[in-house]
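For reference, the structure discussed in these notes is given below.
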There are 4 protein chains.
Amino acid sequence: MARGVNKVILIGNLGADPETRYTANGNPVTNLRLATDESYKDRNTGQMVPRTEWHRIVMFGKIAEVAGQYLRKGSKVYIEGRLQTNKWQDQSGQDRYTTEIIVDINGQMQMLDSRGGDSAGTGGGAPGAAQGGAPQGGGGYAPQGGDQNQGTGMPDPVDDFDDDIPF
Amino acid sequence: MARGVNKVILIGNLGADPETRYTANGNPVTNLRLATDESYKDRNTGQMVPRTEWHRIVMFGKIAEVAGQYLRKGSKVYIEGRLQTNKWQDQSGQDRYTTEIIVDINGQMQMLDSRGGDSAGTGGGAPGAAQGGAPQGGGGYAPQGGDQNQGTGMPDPVDDFDDDIPF
Amino acid sequence: MARGVNKVILIGNLGADPETRYTANGNPVTNLRLATDESYKDRNTGQMVPRTEWHRIVMFGKIAEVAGQYLRKGSKVYIEGRLQTNKWQDQSGQDRYTTEIIVDINGQMQMLDSRGGDSAGTGGGAPGAAQGGAPQGGGGYAPQGGDQNQGTGMPDPVDDFDDDIPF
Amino acid sequence: MARGVNKVILIGNLGADPETRYTANGNPVTNLRLATDESYKDRNTGQMVPRTEWHRIVMFGKIAEVAGQYLRKGSKVYIEGRLQTNKWQDQSGQDRYTTEIIVDINGQMQMLDSRGGDSAGTGGGAPGAAQGGAPQGGGGYAPQGGDQNQGTGMPDPVDDFDDDIPF
DNA sequence: TTTT
DNA sequence: TTTT
């Protein structure tokens with residue numbers, strides 16, 4: 001039983017196609033990069049300045065399968081999950097931390113694109129969730145150490161999904 | 001699968017002891033009256049005016065039992081559920097509507113009184129949430145990464161995912 | 001100050017065009033009927049049965065104006081507000097209660113239709129939300145850290161906080 | 001205006017006393033370390049295994065002051081904010097990222113310790129928690145807005161649980 | 001009374 | 001590093 005609350009609610013757009021892999025047991029795991037667009041008021045100019053926040057989403061179970069099948073780069077989606085920060089060591093042995101939003105059977109996902117194919121919500125509603133054997137993917141989860149992010153300024157608005165995604 | 005989102009989050013105090021009854025099938029149903037204290041600014045006086053909002057909560061399943069056992073008049077509690085408006089007829093045959101917050105296996109409840117006995121959260125942990133050897137299950141609590149993750153690169157949740165190492 | 005939490009989060013579709021009226025002071029008030037689609041598993045047939053829940057939304061302020069202008073019957077929308085139950089008397093003098101979701105400056109609204117014109121979020125960010133030289137203000141959009149944060153240690157939000165560099 | 005949703009809701013305990021600093025402009029900024037306790041079911045033993053997740057909270061504005069004054073190591077608190085990941089460079093010039101929960105004027109904070117001194121919610125209502133004036137209809141914080149409100153008074157505050165509970 |  |  002949880003003795004606390006740890007909840008994240010996001011609506012945003014995918015920065016790239018989802019990546020789905022399967023565990024040795026055949027359980028699907030899908031990784032998403034999600035952009036939420038916000039803005040803040042510049043105190044000097046009084047103008048609203050756009051800001052894009054990028055989130056790492058990791059999905060498990062049936063919801064992971066549905067996301068892998070129906071979501072695509074640019075898809076708008078509602079996500080409910082929980083925060084989790086993982087500790088790891090980089091090549092130099094230094095402690096590093098990565099924060100992700102975990103979407104599992106306790107989470108929820110809703111496609112918000114009319115074009116989109118389908119939607120899936122969990123939380124008791126996804127019984128059985130039978131899984132087949134599974135393609136064994138390669139790595140793909142490991143975000144390449146993070147140094148690939150050599151942008152020169154603000155991450156681009158989500159409108160342009162051809163740009164690099166920060167971190 | 002839901003094609004929408006319907007979520008209510010409340011923190012408040014019970015106005016009376018909970019009332020638990022059982023269905024013909026022996027399933028517990030607990031009713032609560034919950035008060036949330038708020039305030040608004042009076043536009044004439046500029047003063048903050050307190051306001052109490054009362055909510056009807058209906059709980060099902062294990063969460064209903066826990067609430068019936070441990071909550072009491074005055075208990076402070078966190079509740080997550082969904083809105084539901086029921087239609088009924090009064091004595092004169094007129095249509096009437098009552099809006100309740102439903103807390104079932106998809107909801108959550110957290111006791112916030114130190115005095116209080118215990119807390120209960122659902123969503124996977126609740127009885128009935130088949131989880132045994134089933135493939136999907138573990139995903140929910142995916143112990144990927146964690147302090148013990150002493151690898152030299154990014155943690156690979158998928159691998160650890162099938163392991164049994166606590167975190 | 002609130003001593004409780006009273007939050008509602010909905011994603012659904014309008015059952016009819018919004019209705020906007022104005023108070024004696026000229027403040028806009030918009031009423032919406034919102035449908036959230038859900039489903040539950042019939043315990044006898046094991047089938048998922050669709051269910052539509054209808055919600056009464058009442059919006060105030062700028063958000064009411066935007067909703068009145070851009071939302072239409074069928075529009076998909078994200079709404080964040082609070083529950084409020086109003087007491088009134090019907091013709092026979094009987095007490096009646098109506099539960100609504102209030103969306104004011106503390107709430108939020110997001111249009112989720114690509115067709116739709118615009119989106120509006122409140123919570124201090126709305127235009128007119130006086131923020132000028134006031135000390136507190138900027139905190140709201142605190143551009144602490146970000147790409148330009150080229151320090152050699154952890155980012156120090158407080159320093160950047162007074163800067164004007166976007167992020 | 002935000003075109004997305006980025007919301008975090010946490011209930012947990014402080015791992016240490018809050019640290020409050022002030023910007024050059026005199027704006028308070030408070031940092032918290034918050035632990036949320038969860039648990040997952042070990043698939044081999046079937047036992048629930050506890051898990052603690054740690055979160056970095058950064059507060060701005062009045063809420064930062066209140067937190068600095070009243071919260072202490074061990075305090076239980078409800079927090080609503082948004083996710084933000086900051087990029088910075090470590091001593092070796094490597095890109096690093098830190099994810100924080102920002103609690104500003106759009107966020108909320110509620111102390112959940114009875115011992116605790118006070119609570120503070122933002123979102124327009126903030127300053128001057130003075131009480132007194134009489135209820136007045138309409139307006140941004142519209143107490144049961146609408147002409148149909150023919151009640152005989154506001155419902156009683158939750159403090160007195162011996163009073164009748166409305167409807 | 002909506003939507004996919 | 002918290003809490004029950």
Side-chain angles (χ1 to χ4, degrees), chain A residues 1-6 66 70 75-78 85 87 97 110-121, chain B residues 1-6 66 70 76-78 85 87 97 110-121 147, chain C residues 10-19 31-39 48 50-57 71-79 111-116, chain D residues 10-19 31-39 48 50-57 71-79 111-116:
Chain A
M1 313 284 169
R3 280 178 174 283
V5 172
N6 176 355
V66 175
Y70 295 107
S75 296
K76 185 185 286 292
V77 69
Y78 167 92
T85 298
K87 185 184 185 180
Y97 300 86
Q110 295 290 328
M111 292 186 58
L112 299 174
D113 287 309
S114 46
R115 40 173 155 148
D118 201 353
S119 82
Chain B
M1 311 290 165
R3 280 178 174 283
V5 171
N6 176 353
V66 175
Y70 295 108
K76 183 183 287 291
V77 70
Y78 166 92
T85 299
K87 186 184 185 179
Y97 300 86
Q110 296 289 330
M111 293 186 56
L112 299 174
D113 288 307
S114 46
R115 41 172 153 147
D118 202 351
S119 82
D147 293 31
Chain C
L10 303 173
I11 295 180
N13 300 280
L14 298 215
D17 285 350
E19 296 177 6
N31 288 269
L32 302 180
R33 301 293 272 133
L34 188 76
T36 52
D37 288 325
E38 312 163 45
S39 61
M48 294 306 283
R51 182 183 206 284
T52 295
E53 191 66 37
W54 287 96
H55 310 271
R56 294 176 174 276
I57 317 288
L71 295 182
R72 287 295 170 265
K73 177 179 179 175
S75 295
K76 184 183 287 291
V77 70
Y78 166 92
I79 278 182
M111 292 186 57
L112 298 175
D113 288 307
S114 45
R115 39 172 156 148
Chain D
L10 303 173
I11 295 180
N13 301 281
L14 298 214
D17 285 349
E19 295 177 8
N31 288 271
L32 302 180
R33 301 293 271 134
L34 188 76
T36 53
D37 287 325
E38 312 163 45
S39 59
M48 293 306 285
R51 183 184 205 284
T52 295
E53 191 66 37
W54 287 97
H55 310 271
R56 294 177 175 275
I57 317 287
L71 295 182
R72 288 293 170 265
K73 177 180 181 174
S75 295
K76 184 185 287 291
V77 69
Y78 166 93
I79 279 182
M111 292 186 57
L112 299 174
D113 287 308
S114 46
R115 40 174 152 145

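Given the structure is predicted, the values throughout are model-derived calculations rather than measurements. The figures that follow rest on heavy atoms only: side chains count, while hydrogens, waters and symmetry mates do not. First the proteins, then the strands, lettered A, B, ... as listed; each starts at 1.
A donor-acceptor contact shorter than 3.5 Å is absent between the side chain of C:Glu38 and the backbone of B:Gly4.
Summarising the geometry, the separation between CD on C:Glu19 and P on E:dT1 is reported as 15 Å, rounded to the nearest angstrom. Distance, C:Arg51 CZ to E:dT3 P: 19 Å, rounded to whole Å. Between C:Ile57 atom CD1 and E:dT1 atom P there is a gap of 19 Å when expressed in whole angstrom units. Separating the CD atom of D:Glu53 from the C1' atom of F:dT2 is a distance of 13 Å, rounded to the nearest angstrom. When the C1' atom of F:dT2 is taken as reference, atom CG of D:Leu71 falls 12 Å away, rounded to whole Å. Counting to the nearest Å, the P atom of E:dT2 and the NZ atom of C:Lys76 are 14 Å from each other. Between the P atom of F:dT3 and the CH2 atom of D:Trp54 lies a distance of 9 Å, rounded to the nearest Å. Distance D:Asp37 CG to F:dT3 P: 10 Å, rounded to the nearest Å.
Among the heavy atoms of the strands lying under 4.0 Å from C:Thr52 is at least one base atom, whether or not backbone atoms are also near.
By the 4.5 Å heavy-atom criterion applied to side chains, D:Leu10 and A:Asn6 are counted as neighbours. Side-chain contact check for C:Asn13 versus C:Leu34: every heavy-atom pair is 4.5 Å or farther apart. By the 4.5 Å heavy-atom criterion applied to side chains, D:Arg56 and D:Asn31 are not counted as neighbours.
The base of E:dT4 sits with one of its N or O atoms less than 3.5 Å from a complementary donor or acceptor on the side chain of B:Arg3. Put simply, the side chain of D:Arg33 and the base of F:dT1 share a donor and an acceptor less than 3.5 Å apart.
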